[in-house]
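Read through the structure below, which is laid out as structure tokens, and then see the notes.
Sequential numbering from 1 along the given sequence is applied to the chain's residues. Values reported hereafter were calculated over all heavy atoms of this structure, with side chains retained and with hydrogens, waters and symmetry mates removed.
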Amino acid sequence: MKQLLIVAHAPSLNTRALRDAAARGARHADIEAVEVVVKAPLEAGPEDIRASDAILLGTTENLGYMSGALKDFFDRSYYAVLEEKQGLPCALYVRAGHDGTGTCRAVESIVTGLRWRWVQEPLILRGEWQDRFVTQVEELGLYLAAGLEAGVL
């Protein structure tokens with residue numbers, strides 16, 4: 001059984017809907033060999049990364065940067081997993097009130113240092129809330145879990 005770790009900052013109803021959509025997609029009925037673990041950034045740590053075979057990160061855009069909670073997750077985990085989790089498949093979604101550029105740049109910088117492997121471009125959910133954001137994040141969760149199960153990630 002492979003494990004997909006979803007670490008998502010979800011301080012509002014909308015961002016909780018996104019986190020739940022990612023998990024719902026990853027737990028699709030057709031995917032049988034992937035365990036999905038969902039944690040808030042302040043609850044996740046190096047042991048969760050070590051146990052995972054892929055990671056999906058979710059964050060809000062806060063003042064042009066990632067959430068403080070996600071930054072804290074990276075601060076606590078970076079050196080603890082730096083050597084042993086190189087090549088970890090990862091993806092990112094950003095709930096961005098503006099353009100999400102600074103947020104993506106910050107996360108990409110850390111992921112590059114960790115030597116994790118992007119499996120797709122970051123999904124940036126820009127501007128005013130749109131219901132289609134939920135569908136997009138659900139599909140992202142599904143694609144990650146399906147790729148993990150198929151052994152293509």
Side-chain angles (χ1 to χ4, degrees), residues 3-28 31 34 36-46 48-49 52-82 85-150 152-153:
Q3 186 181 100
L4 172 62
L5 175 62
I6 299 173
V7 177
H9 182 58
S12 69
L13 289 175
N14 287 342
T15 53
R16 282 192 293 280
L18 296 176
R19 179 201 58 208
D20 295 347
R24 186 171 52 252
R27 292 178 176 137
H28 190 279
I31 298 172
V34 176
V36 179
V37 175
V38 181
K39 292 204 170 187
L42 295 175
E43 297 170 0
D48 298 299
I49 298 169
S52 69
D53 297 292
I55 187 168
L56 174 56
L57 304 164
T59 187
T60 52
E61 175 185 57
N62 293 11
L63 304 171
Y65 197 71
M66 73 183 91
S67 70
L70 189 62
K71 177 65 167 72
D72 176 77
F73 164 73
F74 281 129
D75 288 345
R76 289 180 292 103
S77 303
Y78 190 93
Y79 290 107
V81 301
L82 179 60
K85 292 308 282 190
Q86 293 181 14
L88 183 70
C90 68
L92 168 70
Y93 69 85
V94 177
R95 175 61 191 111
H98 298 290
D99 71 359
T101 304
T103 306
C104 286
R105 187 172 30 250
V107 174
E108 288 170 341
S109 175
I110 293 169
V111 166
T112 297
L114 287 165
R115 296 181 187 99
W116 291 356
R117 184 172 46 86
W118 291 106
V119 296
Q120 85 166 49
E121 293 292 317
L123 173 60
I124 304 173
L125 310 163
R126 289 183 177 93
E128 295 295 317
W129 176 261
Q130 299 173 42
D131 291 336
R132 70 182 174 90
F133 293 165
V134 172
T135 303
Q136 290 174 300
V137 173
E138 186 171 349
E139 289 173 354
L140 178 59
L142 170 63
Y143 296 149
L144 278 173
L148 191 56
E149 182 176 59
V152 297
L153 295 186

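With values rounded to the nearest 0.5 angstrom, T103 atom OG1 is found 4.0 Å from E61 atom CD. Note that CZ of R117 is 8.5 Å distant from CG of L88, once rounded to the nearest 0.5 Å. Taking CD1 from I6 and CD1 from I55, the interatomic distance works out to 10.0 Å, rounded to the nearest 0.5 Å. Between S52 atom OG and L148 atom CG the span is 9.0 Å, to the nearest 0.5 Å. Expressed to the nearest 0.5 Å, how far CD of E121 lies from CD of E108 amounts to 7.0 Å. Summarising the geometry, atom CZ belonging to F133 is positioned 9.0 Å from atom CG belonging to N14; distances are rounded to the nearest 0.5 Å.
Side-chain atoms of Y93 do not come within 3.5 Å of backbone N or O of Q136 as any donor-acceptor pair. A donor-acceptor pair is defined here as one N or O able to donate and one able to accept, closer than 3.5 Å; no such pair exists between the side chain of K85 and the backbone of L114. A distance-only check finds a donor-acceptor pair linking the side chain of R27 to the backbone of V36 [under 3.5 Å].
Side-chain contact between L142 and E138: absent, with no pair of heavy atoms (C-beta onward) separated by less than 4.5 Å. Between L56 and V7, every side-chain heavy-atom pair lies at or beyond the 4.5 Å cut-off. Taking 4.5 Å as the limit, some side-chain heavy atom of K39 sits within range of a side-chain heavy atom of D48.
Side-chain contact annotation: T15 with S12, donor-acceptor N/O pair under 3.5 Å present. No side-chain N or O of T60 forms a donor-acceptor pair with one of S67 less than 3.5 Å apart.
The residues R16 and D20 are annotated as not salt-bridged, no charged nitrogen and carboxylate oxygen being separated by less than 4.0 angstrom. Salt bridge annotation for R76-D72: present, with a cationic side-chain nitrogen under 4.0 angstrom from a carboxylate oxygen. Here D99 does not pair with R126 in a salt bridge; the nearest charged N to carboxylate O distance is not below 4.0 Å.
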Audit row: L144, V119, side chain to side chain contact (heavy atoms under 4.5 Å, CB included) steps and yes/no: CA-CA 8 Å; L144 278 173; V119 296; 3.3 Å; yes
If you apply the rule side chain to side chain contact (heavy atoms under 4.5 Å, CB included), what do you find for I49 with F73, and how did you get there? CA-CA 10 Å; I49 298 169; F73 164 73; 3.4 Å; yes
